[in-house]
A.B. asks: 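Have a look at this one before I ask anything.
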Number of protein chains: 2
Amino acid sequence: MKPTAKQVAHAAGVSLSAVSRAFAPDGSLDPDKKKRILALAHAMGYVSPARRTAEAIARNTITLVTGDLLNPFYPMVLDMLARQLQAVGRQLLVYALPGGVGVDAVTDQILAARPSGIIVTSAQLTSRMTRACHQHRIRVVLMNRIQRDIRIPAVTCDNYGGGRDAAALLLSRGRQRIGFVAGLADTSTHTERARGFRDMLNEAGQSPYLQADGAFSYQAAHTAVSEMIAGQRQPDALFCCNDIMALGAIDAVKARGMRPGEDIAIVGFDDIPMAAWGAYRLSTIRQPVETMVRETVNLLLDEADTPPEEGGLRIVPGKLIIRASA
Amino acid sequence: MKPTAKQVAHAAGVSLSAVSRAFAPDGSLDPDKKKRILALAHAMGYVSPARRTAEAIARNTITLVTGDLLNPFYPMVLDMLARQLQAVGRQLLVYALPGGVGVDAVTDQILAARPSGIIVTSAQLTSRMTRACHQHRIRVVLMNRIQRDIRIPAVTCDNYGGGRDAAALLLSRGRQRIGFVAGLADTSTHTERARGFRDMLNEAGQSPYLQADGAFSYQAAHTAVSEMIAGQRQPDALFCCNDIMALGAIDAVKARGMRPGEDIAIVGFDDIPMAAWGAYRLSTIRQPVETMVRETVNLLLDEADTPPEEGGLRIVPGKLIIRASA
DNA sequence: TACCGTGGTGAAATTCTTTCAAGGATCGCG
DNA sequence: CGCGATCCTTGAAAGAATTTCACCACGGTA
């Protein structure tokens, strides 16, 4: 049976009032005693009624942990997510992490809100957070990310396949010196796309001609590609790990007086709105954002407790969009 | 003195249990009676304890109502806001409204969460919502928006001054046939910028040469400007009501084989990241996002209850950024 | 030493929720 | 039409948690 405050009080050898005060935010109580009571209550599985209602309220909020809202791909996701959750009456809490910050920095803040689910599109999950979420029965879904070291459901585009498609497109255009503009090495979006790209190239008897480090940002990619094409070895094509980097690459190529799509073919990944803009006309792999968000929401809200090993990983295919840049 | 459930029960002529059940989410109670009790309780100023704790929990969340996350200006705001709120331990709830939808559609959902404050960057506020918020002591701040019909604190860039600056820049470049690319007529960002632009032109003895309807979107602006410059009357400059429209205009101009900044000078408004990109080099009025967000947060969190008439309106100046397009 | 003021504490009062059992309505079935 | 069976509603009463109150111990101060 559900333990009551009285039982906790008895077990701790204090009065009922003391237990009540231990859970009140401004209860006047000896700190040591308070800590002891809280620990005991936790061990006995007692939850204060205030906490219970709090959890009931929070039950319909979903927390999104994202970084890098300046990459237009994430606003697309956020927009879609907000609409879909709104439609089913859920609330959306947003955490934007400054670049390079791990989730751990805000783990406590996030958990304090007791959301019913968490979507992580950026930052590395730590096993500490995973454990805490499991303990509180908070579902976590990785989106646009995979983490091999932790068993968590994840929804992602077929990054490996997309990498292959991109390489295949460039090969089909007869390109011989295909370079690669890298994102951040510790992300699955980077590693998978890179792997697919590399594999396809290898199968065609080629290998990446050059590599530049674009750090998933326009500026870094612009700089890196500028330096690359100012060097001795000239690539005749570039696969950029995402679209903003591809746009930076295109501008760098143009700035040097070369023509994207002719002198240097360029392929991106994501299909952000700007990829279709007249100045770029970027060929890219479109991520099916709506489908991905829907899958994520399903995983999160599914009433049935899907066993983690089964509902593990959903990979949705991307789609090659051919415009002028390759 | 604070009314108790017993008093409400007595006043309503029902038992204490009935009152308790009226507030429970799944209380079995005659709907009519429930409504009567709730109305009476409200009139007497009674709040159920569950509701009280709920309010205490929600006290540290701020709701952002935004539209159009596909205009990169809003992700900038969102990003900044998320960081600033995170830093002070507040939560950020996000509502993204589909274009054209009024707040009323989600008013109930928003109010149900009982945030301590609401920031509205899009959509028209209705007096109904304003009244409801006032009643629940939820602060509302308009950001990047002004509404003359409702007395609410607002933070906005000096849109009028920015419009003047844009016009002044184009005039100083010796332009004679200055066109205007409009946003949406029912927004203060549009009307204020347009007014400033017009006033400045008039003072120089000119008036807008042509007008196109860009609806604050890249696509619409691209189409509208394409049509405009395909017509008989050729503008030699364009002031676009925001940056994405300006980028659409630039691409339209280029597509017709003309050179932005030379054949047609173009000025935007916002200074979104893409404005600095190599393909555009857009001259624009920069909105000081960080300052605006800080002001907004201050208004929202300020402990002292600033009288609404005094703390009314904060207008922060924009800054003219000159690049290649004008 | 006497005299506050402060903060911790349990008993008891208060307040709210939940259970329980008693009607009363509705519905299916003979 | 009659007869249960079932479900919903409801107040009384029991139970749970919070808050008040009085008390006590412990400084600091005159």
Side-chain angles (χ1 to χ4, degrees), chain A residues 1-61 89 111-114 116 135-137 303, chain B residues 1-61 111-114 116 135-137:
Chain A
M1 207 49 240
K2 209 166 51 183
T4 80
K6 195 192 272 183
Q7 293 170 347
V8 175
H10 192 256
V14 298
S15 77
L16 176 57
S17 335
V19 176
S20 179
R21 274 191 276 261
F23 284 95
D26 52 355
S28 158
L29 196 65
D30 182 64
D32 267 1
K33 187 180 280 191
K34 176 168 178 174
K35 211 155 72 182
R36 193 157 51 84
I37 294 177
L38 288 178
L40 189 58
H42 183 74
M44 294 173 69
Y46 171 79
V47 284
S48 74
R51 170 66 104 213
R52 265 198 298 269
T53 66
E55 286 179 11
I57 292 165
R59 180 139 51 237
N60 61 351
T61 82
L111 291 180
R114 290 297 144 92
S116 68
Q135 202 169 35
H136 295 298
R137 305 195 175 284
E303 288 308 321
Chain B
M1 205 49 237
K2 208 167 51 183
T4 81
K6 194 192 272 182
Q7 292 170 345
V8 175
H10 191 257
V14 298
S15 76
L16 174 58
S17 336
V19 176
S20 179
R21 274 191 275 262
F23 284 94
D26 51 355
S28 156
L29 197 65
D30 181 64
D32 267 2
K33 187 180 278 190
K34 176 167 177 174
K35 211 154 75 182
R36 194 158 50 85
I37 294 176
L38 287 179
L40 188 60
H42 183 77
M44 296 173 68
Y46 171 79
V47 283
S48 72
R51 169 67 106 218
R52 266 198 297 269
T53 65
E55 284 180 11
I57 291 163
R59 180 141 50 236
N60 60 351
T61 83
L111 292 179
R114 289 300 144 91
S116 68
Q135 203 169 35
H136 295 299
R137 304 193 176 287

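Heavy atoms only: backbone and side chains are in, while hydrogens, waters and symmetry mates are out. Everything numeric here is computed off the predicted structure, so don't read it as measured data. First the proteins, then the strands, lettered A, B, ... as listed; each starts at 1.
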A.B. asks: In Å and rounded to the nearest 0.5 Å, what is the NE2 to CD1 distance from A:His42 to A:Ile37?
C.D. replies: 15.5 Å
A.B. asks: Can you check the B:Lys6 NZ to C:dT17 P distance for me, whole Å?
C.D. replies: 14 Å
A.B. asks: Using five pairs at each end of the helix from C:dT1-D:dA30 to C:dG30-D:dC1 to define an axis, what is the angle between those two axes, to 10°?
C.D. replies: 0°
A.B. asks: What's the shortest heavy-atom distance between A:Leu40 and A:Val8, and which atoms?
C.D. replies: CD2-O, 4.1 Å
A.B. asks: Could you identify which residues of residues 36-45 of chain A place a heavy atom less than 4.0 Å from some atom of DNA chain C, listed by residue number, or say none?
C.D. replies: none
A.B. asks: Ignoring hydrogens, what is the shortest heavy-atom contact between B:Ala5 and B:Leu16? Give both atom names and the distance.
C.D. replies: CB-CD1, 3.7 Å
A.B. asks: Quick check for you: to the nearest 0.5 Å, what is the distance between A:Met44 atom CE and A:Thr4 atom OG1?
C.D. replies: 7.5 Å
A.B. asks: Rounded to the Å, how far apart are A:Tyr46 OH and D:dT18 C1'?
C.D. replies: 10 Å
A.B. asks: Return the value, rounded to whole Å, for the distance between atom NE2 of B:His10 and atom C1' of C:dT15.
C.D. replies: 17 Å
A.B. asks: Check nucleotides 18-26 of chain C for protein N or O atoms closer than 3.5 Å to its own N or O atoms and list the pairs.
C.D. replies:
from: C:dT19; atom 1: O4; to: B:Arg21; atom 2: NH1; distance (Å): 3.2

A.B. asks: For B:Asp32 and D:dC8, what is the distance between atoms CG and P respectively, to the nearest whole Å?
C.D. replies: 18 Å
A.B. asks: State, with a plain yes or no, whether a side-chain heavy atom of B:Lys34 is found less than 4.5 Å away from one of B:Leu38.
C.D. replies: yes
